[in-house]
Amino acid sequence: MKVLVIGSGGREHAIVDALTRSPQVGKIFCAPGNAGIARQAECVAIGETDTERLRDFALEQGIGLTVVGPEVALAAGVVDTFRAAGLRIFGPTKAAARIESSKEFAKELMAKYAVPTAGFRAFTDYAAARDYVAGRPFPAVLKYDGLAAGKGVVIAQTMEEADAALRDMLLDDRFGAGKVVVEDFLEGPEFSFMCFVSDRRVWPMVLAQDHKRAYDGDRGPNTGGMGAYSPLPFITPEDEKFALEHILQPVADALAAEGCPFRGVLYGGLMKTAQGIKVIEFNARFGDPETEVVLPRLKSDIVDIFCAVAEGRDARLEWHDFATLGIVLASEGYPGAYEKGHEIKGLDAVSGSVYHMGTKADGGRVLTAGGRVLFVVGRGATLAEAREKALADVARIDCDNLFHRTDIGHWALDDFAGHK
């Protein structure tokens, strides 16, 4: 089978890597791909939101399966375009992807179907939003309603911070014109629960935890994610069962009931609060960087799963019991302004897996080409061993403009261990 993967980051590299392990795959294309993906697939210079050119390419090449990575492609309706052409594609329609592309849609759906989440109100008017936030306790959770590449959430500790965020989102249109959702602040460890969903069928993946803050100790600005690991010792089997039965399954059922059945990956960003597990957010696709630590643990043939989901058939998932832990190497200055074009050396000395997030090839050299550049994954019998291997591999990579966190997995390895 010929397979096309849409996207250019670490998530797509992990998907490509998983596809290479399937005996059913003959050739993999990736549009547009990156320098690392180019070692395992043929990269095609088509943008991830250029839905019609992607469709035409799939038809010309006889692509048997297309897998969508990024949310922008889903929001652009690539699945609708491919399905209309009779092409098999893994991912939700534009209507179903609103669970991610509109925070307000997601919150209203949860309210209607009694899915546990934080209380909220939505605003388009800056003054009304400011007055509402000023009359409530801090911290205040402010979310841009649309897509913002993981950067549209601000947890404001003061009115000054809240005001700056509201100006960004409602007056200056930093992410485009839109709404702001103001939510109640919740406390507790966050975790990512991704499920393969085909209409009302839901198959859970192993759990992961992402680290959003830029620096050690969960300090600094929010990012798209600085590292992740799996499994999670602080989430019990009972927690997982509750999340599946009271959150993920009901939302899959709700989307079907609302006339926009979901086929793809439904990502629940959840929090274990003192009052129980609640939803922080939903995404309509594989998480990044969680995918890079979850898919290496998948024992089943991923092509069987992708095709079953796309066609509405039953699937069966098996998982390895080893632990995985991954560390992002990001450009200095990220998530703010950063330079591109710095050479990366030492990649061939790494013993584990390296997924490219933002790189480009320049002859025989590999250069930085994004905020998050590389994702280095260690695996081991324990999380501690996986972290040790990941950090050892990070030390083998040589680039003068990259930084990373050294404490990925701290909640499981340090904080949780100390509380037991």
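Predicted model only: the values in this text are computed from it and were never measured.
In the model, Glu339 has no side-chain atom that pairs as donor or acceptor with a side-chain atom of Asn401 under 3.5 Å. Counting only N and O atoms by type, the side chains of His13 and Gln40 include a donor and acceptor under 3.5 Å apart.
Two residues are said to be in side-chain contact when any heavy atoms from C-beta on lie closer than 4.5 Å; Met205 and Val265 meet this criterion. Residues Thr359 and Thr368 fail the side-chain proximity criterion, which asks for heavy atoms closer than 4.5 Å. Residues Arg98 and Cys260 have side chains in contact (heavy-atom distance under 4.5 Å, counting atoms from C-beta outward).
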Test salt bridge (Lys or Arg N to Asp or Glu O under 4.0 Å) applied to Glu183 and Lys107, step by step: CA-CA 10 Å; Glu183 290 189 7; Lys107 296 296 283 192; 3.3 Å; yes
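A side chain to side chain donor-acceptor pair (under 3.5 Å) with Tyr267 is found for exactly one of Glu100, Arg285, Glu290, namely Glu290.
Judged by distance alone, with hydrogens and angles left aside, the side-chain atoms of Arg372 form no donor-acceptor pair with the main-chain N or O of Val328 at under 3.5 Å.
Ring geometry for Phe57 versus Phe29: interplanar angle over 60°, hence perpendicular rather than tilted (30 to 60°). Taking the six-membered ring where tryptophan is involved, the planes of Tyr229 and His211 are tilted, since the angle between them lies from 30° to 60°.
Heavy atoms only, all atoms of each residue included: Ile99 and Ala284 are closest at CG2-CB, 4.0 Å. Listed here is the closest heavy atom pair of Leu325 and Ala390: O-CB, 3.7 Å.
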